[in-house]
Amino acid sequence: MFTKKLALSVVAALTLILFMCVAVSQASAAGYQLTRDLRKGMSGEDVAVVQRLLKDLGFFTYPQITGYFGSITETAVKAFQRANGLAADGIIGPITRGVMNKLLAGSTPSRGDTTSVYIVQPGDSLWKISQRFGVSLDELCAANNMTSSTVIYPGQKIIIPRGGAPIDAPRVTYITHTVVKGDTLWNLSYKYGVPVQDIAQANGITTSAVLYVGQVLKIPKKDISVKPTPGPQYGELLDWWEEAQYVFPLNSTATVVDFYTGISFKVVRTYGTGHADVEPLTYEDTRIMKSIWEKYERLANGAVNYWARRPVLVLINGRKLAASATAALHAGLDSAPDGAYVSWRSGDYGPGINYDKIKGNGADGHFDIHFLNSVRHKDGQVDVEHQAMIRIAAGQ
């Protein structure tokens with residue numbers, strides 16, 4: 001009888017423990033506010049909430065939410081504290097608790113806060129988030145216990161380190177497009193001057209989605225506010241990812257003005273995602289562009305350095321944008337159809353796809369124009385020389 005009672009007691013105890021573990025594992029961090037100091041050896045619902053928060057942020061690596069403040073939780077708390085510039089003692093005291101309560105309350109980013117949280121959206125990357133909030137990629141990765149190659153997913157919570165503030169969100173309007181035979185996301189991107197990723201996101205599809213005839217798509221249009229400049233001779237300093245690529249969209253024509261000389265020529269933006277890939281509009285525009293570099297950008301041996309960065313102003317739709325340009329034509333052949341496979345491409349690019357849309361302009365391929373925080377295609381990194389030229393054009 002005693003054995004039977006003992007067995008029943010054990011079963012009941014195990015059931016209670018299992019119930020408690022399930023309840024703790026499902027503890028929701030959203031809206032919860034911590035009220036007591038927490039340290040190693042303690043347990044309770046508030047510990048479970050802390051573990052859930054730290055797990056969402058990538059610091060708590062244990063597979064289960066236990067509600068017990070052990071060494072694993074202590075290590076996670078220390079990592080959180082280091083990422084937020086706090087004393088890494090592993091104890092959730094008043095200061096650490098205050099930071100966590102802001103995150104639990106779902107606080108929105110504001111400049112000057114110690115930290116804030118951002119919910120990852122479709123199409124986001126760590127680089128894009130870092131640029132949106134004005135923090136370095138290294139700072140963002142450190143704050144989230146990640147590396148630059150960490151894969152993030154929509155709905156994930158990302159800590160924005162102190163000082164990060166979002167660029168003012170542009171007003172977005174939509175038009176509709178009914179798919180016809182031959183339409184692709186890339187063709188529509190070029191037609192409407194909207195990034196492929198934006199069209200895909202607006203319609204809840206992937207960038208590799210196959211379109212079908214009769215399908216109705218929403219095409220987003222972003223209205224970017226005009227930014228003040230230090231003087232009329234300078235251009236607006238616009239972030240490439242959130243602003244400039246929408247003011248200077250694909251398939252648009254602009255006037256490029258060399259900042260130092262005032263010499264100008266016209267271009268068309270034909271390619272480019274990390275920066276603007278452009279082509280001279282006419283044969284005369286190509287001649288003018290080349291003449292600037294031929295006169296002012298010579299190497300010690302007398303050769304022209306078409307890859308030299310120069311500050312420029314991009315004039316489009318009554319706006320003047322701060323930018324940096326090279327004049328090195330590459331990756332194309334003017335005499336061959338755009339998109340065709342060719343055996344030779346300018347800039348020592350060798351055989352491959354011909355990136356040359358504007359024909360008869362005497363320019364083989366395209367050249368680069370960079371804006372604030374734009375990146376190189378070859379490695380996805382910011383070009384320091386381009387950024388310095390951009391700030392000159394912006395009067396900084």
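Sequential numbering from 1 along the given sequence is applied to the chain's residues.
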### Message
Can you see whether Gln51 engages Thr66 through a side-chain donor-acceptor pair at a distance of less than 3.5 angstrom?
### Response
yes
Heavy-atom pair with the smallest gap, counting every atom of [X] and [Y]:
X      : Y      : result
Ile219 : His177 : CG1-CB, 4.0 Å
Asp338 : Asn354 : OD1-O, 3.2 Å
Leu281 : Asp285 : CB-OD2, 3.4 Å
Phe248 : Ser252 : CD1-OG, 3.3 Å

### Query
Say you draw a straight line from OG1 of Thr255 to NZ of Lys320; how long is it, rounded to the nearest 0.5 Å?
11.5 Å
Is any side-chain N of the basic residue among [X] and [Y] closer than 4.0 Å to the acidic one's carboxylate O?
X      : Y      : answer
Arg376 : Asp383 : yes
Arg319 : Glu236 : yes
Asp89  : Lys78  : no
Asp258 : Arg310 : yes
Arg269 : Glu279 : no

### Message
Out of the candidates Thr286, Val268, Ile358, only one should pair with Pro280 under the side chain to side chain contact (heavy atoms under 4.5 Å, CB included) rule; please name it.
### Response
Thr286
### Residue among Tyr306, Trp307, Phe367 satisfying ring pair (Phe, Tyr, Trp, His ring centres under 6.0 Å) with His330
Trp307
### Task
Assign the ring pair Tyr355 / His366 to parallel, tilted or perpendicular, where the plane angle (0 to 90°) is split at 30° and 60°.
perpendicular
